[in-house]
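Treat the numbers as computed from the prediction; the structure is a model and nothing was measured. Numbers for residues simply follow the sequence, beginning at 1.
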Amino acid sequence: MQDYEVHEESRTAQVTAVARSTLAVEEIGLWLNKTYGDIDRVLSERQAGPTGPPFARYRMLGEGRFEIEAGFPTTSPIDPVGDVGPSELPGGQVAVTTHAGPYDAMEPAYKALETWVNEHGGKAGDPWEVYFSDPSTDPAGWRTEIVQPFRPTEPELTAGTGR
């Protein structure tokens, strides 16, 4: 089992070009493959990037369904074209870890991030994954950065102490 080292970073907001969908887990892989190709074509036509590797941001809806925003960082906001439009990865404090191996084995990485955020008194936002490996290669060699935005929770005031 992989040991996950989690570290904190402060990131600036990143302009992106994305497509969005609501999908079941088993639909995500095929959708991402098509979507990244579509976005790459739009960015190439507009000479706007991509300026980094692909990412996918997830919001769990329950019952194995997710709202997904997937795309690439860009040099500047793009005008919408078909299903591709402008967006932004948020700036602020994030907890980050790297997963090595297949996507379906990432749950322990997410647990490590959740534990870290809880131990540091934070409230988590919607995470995203940055894909550094070609999915047509051996999954054992895949490398995925998982970024968990969070904000520190305010300390509770104790009655009568002023703190």
Side-chain angles (χ1 to χ4, degrees), residues 2-36 38-40 42-43 48-78 80 83-133 135 142-157:
Q2 185 174 342
D3 186 28
Y4 292 98
E5 182 179 314
V6 177
H7 66 277
E8 181 177 356
E9 296 179 11
S10 179
R11 295 201 174 175
T12 57
Q14 172 66 61
V15 175
T16 62
V18 300
R20 294 177 181 88
S21 191
T22 300
L23 300 166
V25 171
E26 58 274 6
E27 300 171 306
I28 294 173
L30 287 173
W31 181 81
L32 287 176
N33 190 39
K34 177 191 177 310
T35 297
Y36 291 139
D38 293 346
I39 296 169
D40 189 48
V42 169
L43 293 178
T51 61
F55 71 90
R57 188 166 190 201
Y58 298 91
R59 174 175 290 136
M60 184 172 225
L61 300 174
E63 310 270 333
R65 294 189 63 77
F66 292 86
E67 282 182 2
I68 303 171
E69 179 179 275
F72 293 94
T74 62
T75 56
S76 60
I78 63 161
D83 292 338
V84 178
S87 191
E88 179 179 276
L89 288 173
Q93 294 306 112
V94 296
V96 180
T97 195
T98 301
H99 171 74
Y103 305 135
D104 62 2
M106 286 198 289
E107 186 174 339
Y110 277 95
K111 293 273 189 214
L113 287 165
E114 178 182 11
T115 298
W116 188 96
V117 169
N118 288 337
E119 288 174 354
H120 289 80
K123 179 163 175 45
D126 294 327
W128 65 88
E129 299 171 359
V130 180
Y131 306 110
F132 292 105
S133 305
W142 291 352
R143 208 168 59 83
T144 306
E145 179 182 72
I146 305 170
V147 181
Q148 176 63 70
F150 73 95
R151 63 178 194 274
T153 54
E154 295 295 320
E156 292 186 29
L157 296 179

> Which atoms form the tightest heavy-atom contact between Phe72 and Gly52, and what is the distance?
CD2-O, 3.6 Å

> Identify, with sequence neighbours excluded, every residue that meets side chain to side chain donor-acceptor pair (under 3.5 Å) alongside Ser87.
Arg20, Glu69

> Where is the tightest heavy-atom contact between Pro77 and Val15, given as atom of each residue plus distance?
N-CG1, 3.4 Å

> Using salt bridge (Lys or Arg N to Asp or Glu O under 4.0 Å) as the criterion, list what pairs up with Arg143, not counting sequence neighbours.
none

> Taking salt bridge (Lys or Arg N to Asp or Glu O under 4.0 Å) as the definition, give me every residue that meets it alongside Glu9, ordered by chain and number, with sequence neighbours left out.
Arg11

> For Phe55, give me all partners under ring-ring contact (aromatic ring centres under 6.0 Å, His included), at least two apart in sequence or on another chain.
none

> Considering only distance and modelled atom types, tabulate donor-acceptor pairs under 3.5 Å from the side chains of residues 24-31, sequence neighbours left out.
residue, atom, partner, partner atom, Å
Glu27, OE1, Ala24, N, 2.7
Trp31, NE1, Thr35, OG1, 3.4

> Please give me the minimum heavy-atom distance between Ile78 and Ala17, naming the atom from each residue.
CD1-CB, 3.7 Å

> Keeping to residues at least two apart or across chains, list the side chain to side chain donor-acceptor pair (under 3.5 Å) pairs with something in residues 100-117.
Tyr110-Glu129

> Can you see which heavy atom on Pro135 is nearest to which on Trp142, and at what distance?
O-CZ2, 3.1 Å

> Nearest 0.5 Å, what's the CG-CZ distance between Leu61 and Phe66?
8.0 Å

> Would you say CG of Asn118 has more than 12 non-hydrogen atoms from neighbouring residues, nucleotides or ligands within 6.0 angstrom?
yes

> Test of understanding: with side chain to side chain donor-acceptor pair (under 3.5 Å), list the residues that count as partners of Trp128, not counting sequence neighbours.
none

> Could you list the residues that satisfy side chain to side chain contact (heavy atoms under 4.5 Å, CB included) with Ala124, not counting sequence neighbours?
Val117, Gln148

> When you compare the side chain of Pro50 with that of Asp40, does any pair of heavy atoms fall below 4.5 Å?
yes

> Could you list the residues that satisfy salt bridge (Lys or Arg N to Asp or Glu O under 4.0 Å) with Arg151, not counting sequence neighbours?
none

> For Ala112, give me all partners under side chain to side chain contact (heavy atoms under 4.5 Å, CB included), at least two apart in sequence or on another chain.
Tyr4, Val6

> Do you know which two heavy atoms are closest between Ile146 and Ala109, and how far apart they sit?
CD1-CB, 3.5 Å

> I need the full list of side chain to side chain donor-acceptor pair (under 3.5 Å) pairs touching residues 51-67, with sequence neighbours left out, sorted by first then second residue.
Tyr58-Tyr131, Arg59-Glu67, Arg59-Asp126

> Which value, rounded to the nearest 0.5 Å, describes the distance between Leu113 atom CG and Met106 atom CE?
11.0 Å

> What's the spacing between Ile39 CD1 and Thr74 OG1 if we round to 0.5 Å?
10.5 Å

> Mind listing the closest non-hydrogen atom pair of Pro86 and Pro80 along with its distance?
CD-CG, 4.1 Å

> Who passes side chain to side chain donor-acceptor pair (under 3.5 Å) against Glu8, sequence neighbours left out?
Gln93

